[in-house]
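Worksheet: one structure, shown below.
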2 protein chains.
Amino acid sequence: MEKEITIYDLAKILALSPATVSRALNDHPAINAKTKVLIAEKAAELGYRSNTFASHLRTRKTNTLGVIVPRLNSNFMSTVLAGMEEVANNFGYNLLISQSLESELKEQANAKTMFNSRVDGLLVSVAYDTDSFEHFSTFINRNIPVLFFDRIMNHPQCGAVIIDNEQAGYDATRHLLDQGCRRIMHVTGDLRRNVYADRLEGFKRAIADQNLPTGNRLVISTDLSQEAGRAIAEQIHQMEEKPDGLFIANDLCAAICLQALKERGYVIPKDIAIVGFNNDPVSQVVSPQLTTVFYPGYQMGKTAMTTMIGQLNGTKLIDHLEPIILRSELIIRRSSIRLEKS
Amino acid sequence: MEKEITIYDLAKILALSPATVSRALNDHPAINAKTKVLIAEKAAELGYRSNTFASHLRTRKTNTLGVIVPRLNSNFMSTVLAGMEEVANNFGYNLLISQSLESELKEQANAKTMFNSRVDGLLVSVAYDTDSFEHFSTFINRNIPVLFFDRIMNHPQCGAVIIDNEQAGYDATRHLLDQGCRRIMHVTGDLRRNVYADRLEGFKRAIADQNLPTGNRLVISTDLSQEAGRAIAEQIHQMEEKPDGLFIANDLCAAICLQALKERGYVIPKDIAIVGFNNDPVSQVVSPQLTTVFYPGYQMGKTAMTTMIGQLNGTKLIDHLEPIILRSELIIRRSSIRLEKS
DNA sequence: TCTTGTATTGTAACCGATTGCATTAACTTG
DNA sequence: CAAGTTAATGCAATCGGTTACAATACAAGA
C-alpha cells in the first residue's frame, strides 16, 4: 500500500503499452472489450488511482468548479450547497467552496484563488457591497463560464438562477394588506443587490395597488443583521406614527426584531404584524411563529449546478442566458394573522 | 488575454532558461536579486500564472486540504469553516469542502473523492453513524495526515481538536441543580460520538455529586432534530413523574422542544428549566431566551487548520498527538433561571 | 599565474496521462 | 491469392514546472 502505481506499471505487468491502458481505463471504443476487463481488474487489484494532475495537465480541464457565497452559515446557503454537491458529485466534479463574508475585497481574493486553481466554471452569489464586475471578467475573458445564483449581477454572458423576488415581495406585502395593515414598513438590505431591490419593487407595487402612499419613509435599508433587528425595534418605538405591519427581508433579523418589540410591550400581530423571508428554522422557533417566504434552496443548488455542467458539456447553448426563475411560496404563520379566515 | 503564458515564454522573452525563471518565481536563493525583479515584472506584465498541475505533478503536493463535515448548515460549522479558511488562505492552501449529511456512506464517498483528489491532508468531523475507520486508514497508510475536530475518532496517529464536553456537560447540569432542579432529563445524540458521550458523562457526574440517582431512565438518545424536539415535549407530557430540568445537547432541538412545551401549557423555567448547547442564534430568539454552552467555533477552525499545516510543514511533531482542548463557556439566560441571585 | 571558491545560470531528465499517427494482425472480397 | 478493410494496439511527443547535476564567470588567495 505504499507506492503509487501508474499506467506504466499496469502496462508492464500486463505486457501492454501505456496508451492501451490509458484508453482502456477511459473506455475508449477502439480497445477490445476483453482487454478492458483485464486491465480494469488488474487496476482494481493493485489499487491504481489516476493521477489527476497528469491528466489535467494534459487535458487542460480540472473537473473542479468554484463556488463563492457570502456566508456558509445560513440554512439557505448550506441547503443550496447540498444541492450543488449532489449534482456535481454525480457528474464527477469537485467543488472548491469559499465565503466572501459579505466583503467585495474578500470576494475578489476568492475569485483570484479560484482563477489560479483553474476551475472549469464559477458559481457565485455576490457579497453585499460588490460593485465591480472586474474579478469576474477575468473568467469571461478566458471563456470560463460564470453563473450567478440568488444574488446575481446582470451580465450578458453570465447565467443566473433566482426566484421571483418582486413577486415574493408583492405577495408578502399583499398578505399584510389583506390582514388589514395600512402602514407597512419594509426593512431591506443593500439595494444594489437584486434580491433586495426586487423585493422592494414588489412591496411598492402592492402598496400602490391599494392606492396607499408609497413614499420611502417606511423603507429602511440595513445590513439585516441581528443588531439591525434590535435597532429597528428601537426605531419603531421612537416613531410617532408607528407601522402596523412589518416586512423584513430576512428571518433571523425579523425574529430578533419581533422579540425586541415584544420586550417593549408590543403585541404581535395585533399591534404590528410581521413577515420575514427565507423560511429559516428560526422562523418556527419564535413565538408567535413567523410568517415567511419559502426559498427553494436545494432546488436552486441543483438547478444552478445542472445548468453549469450542461454549459460545460456543450449540452446547453452558451448564449441562451435568460435567468432561470424558481418558485417561492408565502408561508403564513401566526405572526401576521390578524383576521380569522371567514 | 487569450493564450496562457508559461515559464518557457518568459524564458524566451528574457533570454534566460526556464530553470532560472522557475527558481526566480519561487524565490530561490541562488538567483540574483536583479534577475528576480526582472522576471517578476515581466511575469506580472504578461499576466503569467503558474500551472498548478504541472507543479503538483512534479512535486507531488497539491496544496489542497479536504474538509468533511456532517452538515454545513449550522452556525457552528460555518463558523469553524470561516476560521479554517482564514488560516488556509494565509498559508496558500485551498479547501475542498463536503458534507456527509450525517451518513457514514456519504462520508466514505467523500473521503474517497478527497483521496483521489490527492489532498495533502484531511480534516474531519465525523457523521452521526460512523463506525468504521477504514475510509480514514487509506490516508494514514499513505502518510496523509488526518485531523479530527469536534466529533472525533480516537486513533493514535490522528490529531484532534475538541472542547471539554465532559466539563461542559457537568457545568450545564450543575447549573440546573443549582437552580433547584432535582429531576433532570438529558436529551442527547448518538452515544458513539464523543461529544454526546462526554456530555453524558459530565451530566452523570454532576448528578452523582449531589447523591441523586443516576439511572438511565432520564437519558434519551435521539437524532437531535427539530422533530425530536417535538417528540420529547410529547414524551414529557405523557410521563407520570415529569422532569423539572432539561438538558438538551443541541440548541435548535432545545428551542423547538421549549416551544412545544409552552404550547402544552408548561411554564419555562418554572415548571421545567431548560439548557441547550452551542449558542446558536436561535437560542437568543426563543422566549424565554435559552441558556446554552458557547462553542468557540472560529477558534476551533483556526486551531485545527494551524495544527494541520504545522504538521504538513514538519513544524509540529507528528507523534505529539494529544487532543487540543479549547475552552467553552456556559451562557446563562432566562430559560433556566428559577432562583434570583442572592 | 594557477588554483580554489562562490555566485549565477543552464541542461536535461523527470512527473503520469493523453492522443495523433503509425503499425500489425485478422478478415473480406473480387 | 492479392488488395483492401477493419480492429486492436504501440510509438513517441506533449502538457508546464521542478531539480539534480553541470557549466560558466569572476574574484580571492597562494
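The sequence lines fix the lettering, A, B, ..., with proteins before strands; numbering per chain opens at 1. Keep in mind the model is a prediction, meaning the values are calculated, not measured. No hydrogens, no waters, no symmetry mates; every other heavy atom, side chains included, goes into these values.
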Protein-nucleotide distance (Leu57(B), atom CG; dT14(D), atom P), rounded to Å = 17 Å
Output the single nucleotide from dG16(C), dT9(C), dC11(D) whose closest atom is nearest the side chain of Thr20(B).
-> dT9(C)
Comparing nearest nucleotides in DNA chain D, the 5'-proximal residue of the pair Thr6(B), Ala33(A) is Ala33(A)
Please figure out whether Ile31(B) or Pro18(A) has its closest DNA chain C nucleotide nearer the 5' end.
-> Ile31(B)
Indicate whether any N or O donor in one side chain lies under 3.5 Å from an N or O acceptor in the other, for Ser103(A) and Ser100(A).
-> no
Using atom NZ of Lys61(B) as one end and atom P of dT19(D) as the other, report the distance to the nearest whole Å.
-> 12 Å
Distance from Asn63(A) atom CG to His56(A) atom NE2, nearest 0.5 Å?
-> 5.0 Å
Is Arg49(B) close enough and on-axis enough to Phe115(A), meaning under 6.0 Å and within 45°, for cation-pi?
-> yes
Given atom CG of Asn32(A) and atom C1' of dA26(C), what is their separation to the nearest angstrom?
-> 13 Å
Rounding to a whole Å, what distance do you find between Phe53(B):CZ and dT18(D):P?
-> 14 Å
Using a 4.0 Å heavy-atom cut-off across all strands, classify Tyr8(A) as base, sugar-phosphate, or nothing.
-> base
Interatomic distance where CD1 belongs to Ile7(B) and C1' belongs to dT9(C) [whole Å] = 14 Å
With a non-hydrogen cut-off below 4.0 angstrom, is Leu25(B) in contact with a base, only sugar-phosphate, or nothing?
-> nothing
For the side chain of Arg49(B) and the base of dG17(D), is some donor closer than 3.5 Å to an acceptor across the two?
-> no
Note, Thr130(B) side chain near His135(B) side chain (heavy atom, < 4.5 Å) | yes
Give a yes or no on whether a salt bridge exists between Glu104(B) and Arg192(B), defined as a side-chain N under 4.0 angstrom from a carboxylate O.
-> no
Nearest-nucleotide pick for Asn51(B), side chain only, options being dG16(D), dA13(D), dG10(D) | dG16(D)
Nearest-Å distance, NE2 (His56(B)) to P (dC14(C))?
-> 22 Å
In a check of side-chain contact (heavy atoms from CB on, under 4.5 Å) between Met300(A) and each of Thr79(A), Val161(A), Ile324(A), which one passes?
-> Val161(A)
For atom CG of Leu10(A) and atom C1' of dG16(C), their distance in whole Å = 12 Å
Gap between atoms NZ and P, on Lys36(B) and dA7(C) respectively (whole Å) = 13 Å
Listed nucleotide nearest any side-chain atom of Ser22(B), set dA17(C), dT18(D), dC15(C) | dT18(D)
When you get a sec, tell me which of dG10(C), dG10(D), dT19(D) is the closest nucleotide to the side chain of Ser17(A)?
-> dG10(D)
The residue, Arg58(B) or Leu16(B), whose nearest nucleotide of DNA chain C is more 5′ is Leu16(B)
Nucleotide nearest Asn26(A) when distance is taken to its side chain, options dG16(D), dT9(C), dT18(C) | dT18(C)
So does Arg23(B) reach the base of dG17(D) with its side chain, donor to acceptor, closer than 3.5 Å?
-> no
Just checking Thr35(A): base, sugar-phosphate only, or nothing, at a heavy-atom cut-off of under 4.0 Å?
-> sugar-phosphate
Counting heavy atoms from C-beta on, name the nucleotide in dG16(C), dT9(C), dC15(D) closest to the side chain of Arg60(B).
-> dG16(C)
